[in-house]
Amino acid sequence: GAGVSQSPSNKVTEKGKDVELRCDPISGHTALYWYRQSLGQGLEFLIYFQGNSAPDKSGLPSDRFSAERTGGSVSTLTIQRTQQEDSAVYLCASSPRNERNEQYFGPGTRLTVT
Amino acid sequence: AQSVAQPEDQVNVAEGNPLTVKCTYSVSGNPYLFWYVQYPNRGLQFLLKYITGDNLVKGSYGFEAEFNKSQTSFHLKKPSALVSDSALYFCAVSLYSGNTPLVFGKGTRLSVIA
């Protein structure tokens, strides 16, 4: 079946502009995660959605970052007033509701802020 | 707080030789441990996990990992490396079973040389 998809695959933007990154999780998966992969920094958790519960925003690095998940499916990560340090690969993952916590990752969006 | 350390940025091994990629963790309770692999220009793929039970866990592509509670380690191993195993490997931990964000190490790049 279809895996997690993300769009765009690459995004180049000027400093100060807003960007939106999209994630389509695997159908039926209740949990959705956003992570950021920066060079030499590994993967950093940003935000987590579980069903209709309030999202866990504890990983968002600043109030310029926000995310929403509509209808329990598609999610959009928005970065306002982008800065050069926001340049990274943004990864989305989803998982079904079970005890195994096996997260299925999308290919990522590479964001470059110039 | 949970944390994961991957002490080697790079591991080089000759094809056919055994490989080990090291991981140590720090959690305040019982850990749930994971290994993921990232091939170039692709998302992370789940390799294996330790939840409970046998300390030796077998996963995809012939990989296995050994949970060592006294040394707080979860090293990834394979008896005979293939060139196609060359990739970036991430160790991750969570404090809970079920859907929860993962805390990742910084990754170890494995190069298998023919």
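Values below: all heavy atoms of this structure, side chains included; hydrogens, waters and symmetry mates excluded. Residue numbers start from 1 in every chain, and the chains themselves are labelled A, B, ... in the order their sequence lines are given, proteins ahead of strands.
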For atom CG of N55(B), is the number of surrounding heavy atoms from other residues, nucleotides or ligands below 6.0 Å larger than 12? yes
What are the two closest heavy atoms between N99(B) and S95(A), and how far apart are they? ND2-OG, 2.9 Å
Same apolar cluster (I L V M F W Y, side chains within < 4.5 Å links), F45(A)/L77(A): no
So, the part of L43(A) with a heavy atom under 4.5 Å from chain B: the answer is both
Return yes when atom CD of E14(A) has more than 12 non-hydrogen atoms of other residues, nucleotides or ligands closer than 6.0 Å, and no otherwise. no
Under 4.5 Å, counting heavy-atom pairs only, tell me which of Q6(A), E44(A), Q50(A) racks up the most with chain B. Q50(A)
Looking at T100(B) and Y33(A), what are the two nearest heavy atoms and their distance? N-OH, 3.3 Å
Tell me if the aromatic rings of F104(B) and Y35(A) count as close, with their centers under 6.0 Å from one another. yes
Enter the distance from Y104(A):OH to Q45(B):CD here, rounded to the nearest 0.5 Å. 11.5 Å
Same cluster or not: V113(A) versus L46(A), using hydrophobic residues (I, L, V, M, F, W, Y) connected whenever any side-chain heavy atoms lie under 4.5 Å apart? yes
Give, as side chain, backbone, both or neither, the part of Y36(B) having an atom under 4.5 angstrom from any heavy atom of chain A. side chain
Hey, what do you get for CD (Q103(A)) to CG (L44(B)), rounding to the nearest 0.5 Å? 10.0 Å
Within one Ile-Leu-Val-Met-Phe-Trp-Tyr cluster: Y48(A) and I26(A), side-chain cutoff 4.5 Å: no
Top contributor to chain A interface from V103(B), L88(B), L102(B) [non-hydrogen pairs under 4.5 Å]: L102(B)
Select one option (side chain, backbone, both, neither) describing which atoms of T30(A) are under 4.5 Å from chain B's heavy atoms. side chain
As an exercise, state the distance from CG of L39(A) to NZ of K106(B), rounded to the nearest 0.5 Å. 11.0 Å
Between F46(B) and F105(A), does a side-chain contact (heavy atoms from CB on, under 4.5 Å) hold up when you go through it step by step? CA-CA 9 Å; F46(B) 170 79; F105(A) 282 80; over 6 Å; no
